[in-house]
Amino acid sequence: MGSPSFSMPRLREILRGFSGCLVAVYGDLVADEFIYGEISRVSREAPVLILSQRESRIVPGGAANAVNNLSALGATPVVFGILGIDGSGKELLRQFRRNRVECGFIRKVPGYQTPTKTRVLAGSVHSARQQVLRLDRESQFVHRRETLASLWSEMQRGLTSCRGVIVSDYGFGYVHRDIATRIAHHLNKAPIVLDSRFQLTKYSGLTAATPNEPEVEEALGIRIGSDLSRLESAGRTLLRTQKLRALLITRGRHGMALFEPRRPTVHIPIFGTDEIADVTGAGDTVIAVFTLSLAVGASFLEAARLANYAGGIVVMKRGTATVNVAELEAALVKDRQ
């Protein structure tokens, strides 16, 4: 089924509701570090380039990027996560506070390394910078009975006024499916939306999930490619086994596919050009817009439509980026022309 028409006034009404909306983010907080350099020469020691470093910066990644997107959209994120007592953790916390993010439930854990993904980008005066290396520094958190009990006690206090929850599982151990299930039972009317890189099928009973196509393929052990019948089968399987009310599969240059029980699948074409600049963090932007839209009363289709605009905008930006309401409103107008 193709992408149906939409009401621009209705989507604008949803966007106006974003301001001040409390949305919780329970997830793995990641630091995305970018090191930029200019190619100087080829090393005499090995056949590698020597770069003259020009600048470096750290931006929120993983669940922290979802937080950053919520903040950029005017919402009020409430964060449940952990950070290490290291430079990356301190920088993420500084940026959160600058953006007026609720940080009272972020815990600093001695001995834990804030997951940091360092991307080295090289170029010259007359060429665009290209990523030449990525270095990951990771740490694994292991829950104990006491840490789960403490986390849930804090959540019962912190979730009180939240109108939606993002569960962002990047595989670093802090996100526990039992906690996600408790959230779903505790907030039975608020949308709880899942993004899980490696354990998609381990969760059940949440409102929705927003995996990308490769994550679906890995979870089900299949290859979808351009076969829409396999995509349909995969979507319906996940809806049923995970007991979801909606499933939004992001498909890169092929747009998105929205699945709901007892409704035809809706295929939404990519917004803008398919000449993508950078997909880093695009999934975090999609889940932020999708969840926030649901939290202010959007239907799954309306939320998917806005998330699709957001994804199309953010992949045209270099590095880990965000979108704002003004950009989404401009996309509505452009899509109507």
request  = Return yes if some donor-acceptor pair links the side-chain N/O of Ser293 with the main-chain N/O of Val289 below 3.5 Å, else return no.
outcome  = yes
message = For the OH atom of Tyr36 and the CG atom of Leu121, what is their distance to the nearest 0.5 Å?
response = 6.0 Å
key: Pairs meeting criterion salt bridge (Lys or Arg N to Asp or Glu O under 4.0 Å) with involvement of residues 42-63, two or more places apart   = Glu38-Arg54, Glu55-Arg129
message = Under the salt bridge (Lys or Arg N to Asp or Glu O under 4.0 Å) test against Glu217, which residue among Arg223, Arg251, Arg230 passes?
response = Arg223
ask   = Can you find a pair of side-chain heavy atoms, one from Val333 and one from Arg12, that are under 4.5 Å apart?
value = yes
task = Could you pull out all residues at least two apart from Phe105 that satisfy ring pair (Phe, Tyr, Trp, His ring centres under 6.0 Å)?
result = Phe80
query = Hey, quick one: are Met8 and Tyr309 part of the same hydrophobic cluster, counting side-chain heavy atoms closer than 4.5 Å, chains of contacts allowed?
reply = yes
inquiry  = The criterion is ring pair (Phe, Tyr, Trp, His ring centres under 6.0 Å); which residues satisfy it with Phe172, sequence neighbours excluded?
reply    = none
request  = May I ask you to test the Met155-His186 pair for a side-chain heavy-atom distance under 4.5 Å?
outcome  = no
message = Run the side-chain contact (heavy atoms from CB on, under 4.5 Å) test against His143 and tell me which residues pass, sequence neighbours left out.
response = Tyr26, Phe141, Thr147, Leu148, Leu151, Tyr174, His176
request  = For Leu15 and Leu73, run side chain to side chain contact (heavy atoms under 4.5 Å, CB included): C-alpha distance rounded to whole Å, both residues' side-chain angles, the deciding distance at 0.1 Å, then the answer.
outcome  = CA-CA 9 Å; Leu15 293 178; Leu73 291 161; 5.9 Å; no
request  = Examine distances only and state if a side-chain atom of Thr291 and a backbone atom of Ile287 form a donor-acceptor pair shorter than 3.5 Å.
outcome  = yes
For the student: nearest non-hydrogen atoms of Leu92 and Pro60, plus distance = CD2-CA, 3.6 Å
inquiry  = What's the separation between atom CG in Leu247 and atom OG1 in Thr207, rounded to the nearest 0.5 Å?
reply    = 12.5 Å
request  = Check salt bridge (Lys or Arg N to Asp or Glu O under 4.0 Å) between Arg263 and all other residues, then give those that pass, not counting sequence neighbours.
outcome  = Glu260
task = List for me each residue that meets side-chain contact (heavy atoms from CB on, under 4.5 Å) alongside Arg182, sequence neighbours excluded, and say none if there are none.
result = Trp152
message = Tell me whether Arg10 at atom CZ has more than 12 heavy atoms from other residues, nucleotides or ligands lying less than 6.0 Å away.
response = yes
remark   = What one should report as the nearest heavy-atom pair of Met316 and Gly312 is CG-O, 3.5 Å
remark   = Taking every heavy atom of Asn308 against every heavy atom of Phe271, the minimum-distance pair comes out as ND2-N, 3.8 Å
key: Approximate separation, where rounding is to 0.5 Å, of Leu22 CG and Arg163 CZ   = 8.5 Å
query = How about Arg98: does its CZ atom have over 12 heavy atoms from other parts shown lying under 6.0 Å from it?
reply = yes
ask   = If you round to the nearest 0.5 Å, how far is CD of Gln242 from OG1 of Thr237?
value = 10.5 Å
task = Identify the residue among Thr114, Asp32, Thr116 that makes a side chain to side chain donor-acceptor pair (under 3.5 Å) with Ser88.
result = Thr116
query = Is the CD atom of Glu218 crowded by more than 12 outside heavy atoms at less than 6.0 Å?
reply = no
request  = Taking salt bridge (Lys or Arg N to Asp or Glu O under 4.0 Å) as the test, write out the residues that go with Asp86, two or more places apart.
outcome  = none
inquiry  = The criterion is salt bridge (Lys or Arg N to Asp or Glu O under 4.0 Å); which residues satisfy it with Arg236, sequence neighbours excluded?
reply    = Glu232
ask   = If two hydrophobic side chains count as joined below 4.5 Å and joins carry through other members, does Leu294 share a cluster with Leu248?
value = yes
note = Distance col, row Ile85:CD1 vs Gln113:CD, nearest 0.5 angstrom, shows 12.0 Å
message = Using the side-chain hydrogen bond (donor to acceptor under 3.5 Å, both in side chains) criterion, which residues pair with Ser299? Sequence neighbours excluded.
response = Glu302
query = How would you list all residue pairs meeting side chain to side chain donor-acceptor pair (under 3.5 Å) that involve residues 64-74, not counting sequence neighbours?
reply = Asn65-Asn69, Asn65-Asp284, Asn68-Asn99, Asn69-Thr285
key: Hydrophobic cluster membership, Leu70 vs Val193, 4.5 Å side-chain cutoff   = yes
note = Tightest non-hydrogen contact, residues Arg305 and Asp335, listed as NH1-OD2, 3.9 Å
query = Are the side chain of Glu213 and the backbone of Leu231 linked by a donor-acceptor contact shorter than 3.5 Å?
reply = no
request  = In plain terms, say whether Glu13 and Arg16 are close enough for a salt bridge, that is, a side-chain N and a carboxylate O under 4.0 Å apart.
outcome  = no
request  = Quick one: list whatever passes salt bridge (Lys or Arg N to Asp or Glu O under 4.0 Å) with Glu102, sequence neighbours left out.
outcome  = none
key: Intermediate values then yes/no, side chain to side chain contact (heavy atoms under 4.5 Å, CB included), Asp169 and Lys202   = CA-CA 11 Å; Asp169 179 5; Lys202 301 295 185 183; over 6 Å; no
message = Are Ile166 and Leu194 connected into the same hydrophobic cluster when the rule is that any two of I, L, V, M, F, W, Y join if their side-chain heavy atoms are below 4.5 Å apart?
response = no
task = Using side-chain contact (heavy atoms from CB on, under 4.5 Å) as the criterion, list what pairs up with Thr181, not counting sequence neighbours.
result = His185
query = Do Ile39 and Leu133 belong to the same hydrophobic cluster, where Ile, Leu, Val, Met, Phe, Trp and Tyr are linked whenever their side-chain heavy atoms lie under 4.5 Å apart, directly or via other members?
reply = yes
inquiry  = If we check salt bridge (Lys or Arg N to Asp or Glu O under 4.0 Å) with Glu33, which of these qualifies: Lys117, Arg119, Arg137?
reply    = Arg137
Contact summary for Leu200 and Pro211, nearest pair of heavy atoms = CD2-CB, 3.9 Å
Tyr170 and its side chain to side chain contact (heavy atoms under 4.5 Å, CB included) partner, picked from Leu29, Val175, Asp28 = Asp28
ask   = If you round to the nearest 0.5 Å, how far is CG of Asn212 from CD1 of Ile249?
value = 9.5 Å
message = I'd like to check Val42 versus Leu49 (side-chain heavy atoms, cut-off strictly below 4.5 Å). Are they in contact?
response = yes
inquiry  = Please give me the minimum heavy-atom distance between Gly311 and Val286, naming the atom from each residue.
reply    = CA-CG2, 4.1 Å
